[in-house]
Amino acid sequence: MAAPACLWLVFGFSPEEAAGEPGPGPGPWRLEAGPEGISRVWPAWSYVVVETGAGLEVRSAGLRRRLPGWAEALPSETHLVLRGAAAAGAWRREAALGAALQGEPAWSRPLPPEPPWRRPLPLLPGGFATPRPPFFTALPAGVRARRLVLGTEHALALGAAGEVFSWGGGRHGQLGHGQLEAELQPRLVEALAGVPMRAVAAGGWHSASVSEAGDLYMWGWNESGQLALPSKALAEERARDEDKGAGSAKLMPCQEQLAAQDAAFISIQAFPALLDLPQDLEVSAVSCGSRHTAVVTRGGELYTWGWGKYGQLGHGNNTSCDQARRVEHLVAEGLRVEEVVCGPWTTYVRVREH
């Protein structure tokens, strides 16, 4: 039977594994769509909210439940924020995954009527929502954001003219200001000034942006190679594997070679760095997980890198990687990638048959 023309595939950690049950493996596995299809996904660590033709639906291990009356989701492991036509609200995770959204929400906010092209969550009129207290934060009047993304400790906003603002925790360089201090208010990322951006993404402690020309910029923590820059931790892991395989016959252990190369490794990249993809490919979309990154090229291919313990990179193994690699499985199956959304330890990919 021919595959649907458009479907979602998933790599990595599953809700079943989060519940302590056997999972489907590193993937890819198909996200069951039903007759309505799936248009959008919002993954958390242990569950995912999907948008079908019939509305929103929350899915976890052994659970599928509709969320009638809501249009967008912002999930976390403590709360689920939902947005409807007239209000936004936050419920504790247990209530969101229960039989129904019973009782009073932990937070709610009425919303004024908005045009159909309203900006997506977490943006709300006057500020933005977070899936943890205080749930709503006002934005300064000078920040006219058209897109906002949340990391573990920081936030990025994409301005109306393509400028990038960042604020929050900065100890891993994830703010892109060249220092490791926190910023309480949105601050322009000056290193990107004059280069209009079309997309931003925030991982656990790293950040990314895509320019209108299709160039990819990355900054922040590189402990697992999530910036596609040389990672000492990954080099040490490879060296241990090579030393084990070589035994006593090796004249210069890989660990000694590693010490000689220390200067080449990058743990923190505090300024945005232009990343050159293979064959100078142009990027159309980027998404960041906790410690991995995925991009879609304008040719419809998926490249991933960073932490891969649960197979979230899509390369058929559980190996981490500090270089951008094409996901060959999708190419072999003749699938064109249209969108990518990273959960903390997963990668959701919307594909279409060529």
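For reference, positions follow the sequence shown, starting with 1. What's counted below: heavy atoms across the whole structure, side chains too, no hydrogens, waters or symmetry copies.
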Quiz item: Do T297 and R326 have side-chain atoms, one donor and one acceptor, less than 3.5 Å apart?
Solution: no
Quiz prompt | Parallel, tilted or perpendicular, as decided by the 30° and 60° cut-offs, for the rings of W91 and W70 | solution = perpendicular
Quiz item: Does the S287 side chain pair with the main chain of C342, one donor and one acceptor, at a distance under 3.5 Å?
Solution: yes
Self-check item: Results of side-chain hydrogen bond (donor to acceptor under 3.5 Å, both in side chains) for E339 - residues two or more places apart only
Solution: R350
Self-check item: Donor-acceptor contact below 3.5 Å, side chain E72 vs main chain L121
Solution: yes
Quiz item: Under a 4.5 Å cut-off applied to non-hydrogen side-chain atoms, are W221 and Q174 in contact?
Solution: no
Practice problem: Verify, without hydrogens or angle tests, whether W219 (side chain) and F271 (backbone) share a donor-acceptor contact under 3.5 angstrom. | Solution: no
Self-check item: Parallel, tilted or perpendicular: ring planes of F136 versus W107, cut at 30 and 60 degrees
Solution: parallel
Quiz item: Could R59 and E32 be called an ion pair, given the rule that one side-chain N must be under 4.0 Å from one carboxylate O?
Solution: no
Exercise. Step by step, work out the side-chain hydrogen bond (donor to acceptor under 3.5 Å, both in side chains) result for E51 and S39.
Key: CA-CA 6 Å; E51 181 184 41; S39 54; 2.8 Å; yes
Practice problem: Salt-bridge test for R171 and E181: reply yes if a basic N is under 4.0 Å from a carboxylate O, no otherwise. | Solution: no
Exercise. Using the test side-chain hydrogen bond (donor to acceptor under 3.5 Å, both in side chains), find all partners of R336 that sit at least two apart in sequence or belong to another chain.
Key: none
Quiz item: Side chain of T304, backbone of A294: donor and acceptor closer than 3.5 Å?
Solution: no
Self-check item: Donor on one side chain, acceptor on other, S46 and E77, under 3.5 Å
Solution: yes
Quiz item: Would you say the side-chain atoms of D322 pair up with the backbone N or O of A228, donor to acceptor, closer than 3.5 Å?
Solution: no
Exercise. Please list all pairs passing the side chain to side chain donor-acceptor pair (under 3.5 Å) test where one or both residues lie in residues 10-21, with sequence neighbours left out.
Key: S14-E16, S14-E17
Self-check item: Sidechain N-carboxylate O distance under 4.0 Å for R65, E57
Solution: no
Exercise. State whether D215 and R198 are salt-bridged, where the test is any N-O pair (Lys NZ or Arg NE/NH1/NH2 against Asp/Glu carboxylate O) under 4.0 Å.
Key: no
